[in-house]
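Taking it in order: structure first as structure tokens, then the write-up.
Residues take their numbers from the sequence shown, with the count starting at 1. All values below were derived from every heavy atom in this structure, side-chain atoms included, with hydrogens, water molecules and symmetry-related copies excluded. In listed order, ligands and their atoms are each counted from 1.
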Amino acid sequence: MAKDLSFTCTACNAATSKWSGRCDGCGAWNTIEEVKPLSSGPKSKKAMGGGRGKHIALTDLATEEKEPPRTLSGVGELDRTLGGGLVKASALLVGGDPGIGKSTLLLQAAARFARNGLKVLYISGEESASQVQMRARRLGLTESPVKLASETNLRDILTTLEAEKPDFVIIDSIQTMWLDTVEAAPGSVSQVRSAAHELTTFAKSNGIAVVMVGHVTKEGAIAGPRVVEHMVDTVLYFEGERGHQFRILRAVKNRFGPADEIGVFEMTGKGLAEVRNPSALFLSERGNPAPGSVVFAGIEGSRPMLCEFQALVAPSPHSQPRRTVVGWDGSRLAMILAVLESRAGVPFTGLDVYLNVAGGLRVTEPAADLAVAAALVSAREDAALPKESVVFGEISLSGALRPAPQTENRLKEASKLGFTSAITPVRAKRGGDAGVALREMQDLHAFIEQIFGAR
Ligand code: TYD
Ligand code: MG
């Protein structure tokens, strides 16, 4: 057993087990002081024990920190989602369903960053080097100076990183990595957490940007990226519907930029292509105005984006009518249905309700409330909305309509895509209308009366 050293000399830091007037180490007088243990409870090897820590240098809020250095990939949609490029000495997590295109996206990003002068390492724990090379050939990236390895042992990987000193490392995926110090199967929570912790610490102390890929499962992410989210600086989710070619890269957390920023990509035969004008893409499949179809002028991150809400309302054969939502929040739909029923007198009892956002987009803004209500009533009444009009605004439980933020940006985007009128809540502050004719409504009742006529 180690002796309990609970006295130290303030002059030379020598530790002793008992107090004395003179330090045996440096010979100074009256410098021995008792050190109280930092942690209460039993002293184990793991507890803080009796040793004192060093004083940390404190600073004030006014001290100016330099902006962290960033590197651009040249892919606008990716750089935007990252908050303006890749930050040195940072840890990122890219989550998403298996097969959605994470490896494809990151291989393409790796090639771009390598071409822009970064030293890039791509470590795959899921595919062999030849599989990754095959994909690179298909994507036309074989000329890019990206270094490649297929490995899952984190100790070997860290040793390699130390020797290679790369700027940017991709770990695909964190679920396949394992530490020989942790007694658990790869993919288990403790392995994933420890591996992510090691990689994050390594990234910070060596000035490397590390991207970890994490699979999410629909059932709620067992040992998935959720346990890693709080450790990293940036969390990006790669989303999309399997049947659609659109993919959305969404920043849900970003210590170096705005969260909620999105990048839009299209999966093609030659990998992911960036979509510079998403509104046009999401509306491209729209035909003539049909009942139940409403164009919503939304804001995603820092930019406006138009998309189409589609509703279908039909008599229900079930005692408990169906409420099915794709691309929007189910409980929000229940709320809108309740408000329509009790504040505007439009009942949905005995009716099945289906709501869908076209193109596989997922909308989270409350400003979509009015567009949803419009789609529901339009489907129920079998009456299309006025041609070339967009809808946006929040609905409160009282049935009142509340203006949405960034109204002008929404109107500008609508005008750019050829829309001539907008149905919106009344604005307190007047602003530009971008040449779009505004039909402003005070509450849900007025909205239904003016758009769908007296019922
Ligand atoms: P992948 O990047 O392997 O997904 P993840 O790493 O998220 O599991 O992408 C797999 C899908 O992408 C696969 O179904 C095929 C499709 N894909 C294309 O459509 N075009 C391409 O050029 C590539 C490389 C993949
Ligand atoms: Mg993959």
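- Which of Leu139, Leu272, Thr268, Val213 comes nearest to atom 20 (N) of ligand 1 through a heavy atom is settled by distance: it is Thr268.
- In this comparison of Gln245, Arg135, Lys102, Glu127, the heavy atom closest to atom 3 (O) of ligand 1 sits on Arg135.
- Checking Lys253 against His230 by side-chain atom types alone, no donor-acceptor pair falls below 3.5 Å.
- For atom 6 (O) of ligand 1, the nearest protein heavy atom (residue, atom name, distance) is Ser103 OG, 2.6 Å.
- Distance from atom 13 (C) of ligand 1 to its nearest protein heavy atom, with residue and atom name: Gly99 O, 4.5 Å.
- At the top of the distance list for atom 25 (C) of ligand 1, counting protein heavy atoms only, stands Thr104 OG1, 3.9 Å.
- Ranking the protein heavy atoms by distance from atom 12 (O) of ligand 1 puts Met267 CE, 3.2 Å first.
- Side-chain contact check for Glu308 and Ser293: at least one donor-acceptor pair (N or O, by modelled atom type) lies under 3.5 Å.
- A donor-acceptor contact closer than 3.5 angstrom is absent between the side chains of Asp172 and Ser124.
- Applying the 6.0 Å contact sphere to NZ of Lys412 captures no more than 12 heavy atoms from other residues, nucleotides or ligands.
- Atom 21 (C) of ligand 1 has its closest protein heavy atom at Arg138 NH2, 3.4 Å.
- Side-chain atoms of Glu126 and Ser173 include a donor-acceptor pair closer than 3.5 Å.
- Listed for the Asp369 side chain is no donor-acceptor partner under 3.5 Å among the backbone atoms of Ile336.
- Applying the salt bridge (charged side-chain N to carboxylate O under 4.0 Å, His left out) test to every pair with at least one member in residues 174-196, sequence neighbours left out, gives these pairs: Arg155-Asp180.
- Checking atom 10 (C) of ligand 1 against the protein gives a heavy-atom contact under 4.0 Å.
- When distances from atom 18 (C) of ligand 1 to the protein are checked, a heavy atom turns up under 4.0 Å.
- Gly271 N, 2.8 Å is the protein heavy atom nearest to atom 22 (O) of ligand 1.
- Looking at Arg343, its side chain does come within 3.5 Å of a backbone N or O of Leu397 through a donor-acceptor pair.
- Below 3.5 Å of separation, one finds an N or O of Gly269 facing an N or O of ligand 1.
- The Mg ion (ligand 2) does not have Thr104 among its coordinating residues (no N/O/S atom, backbone or side chain, under 2.8 Å).
- Between the side chain of Arg362 and the backbone N or O of Gly327 there is no donor-acceptor pair closer than 3.5 Å.
- Using a 4.0 angstrom heavy-atom cutoff, Gly101 counts as in contact with ligand 1.
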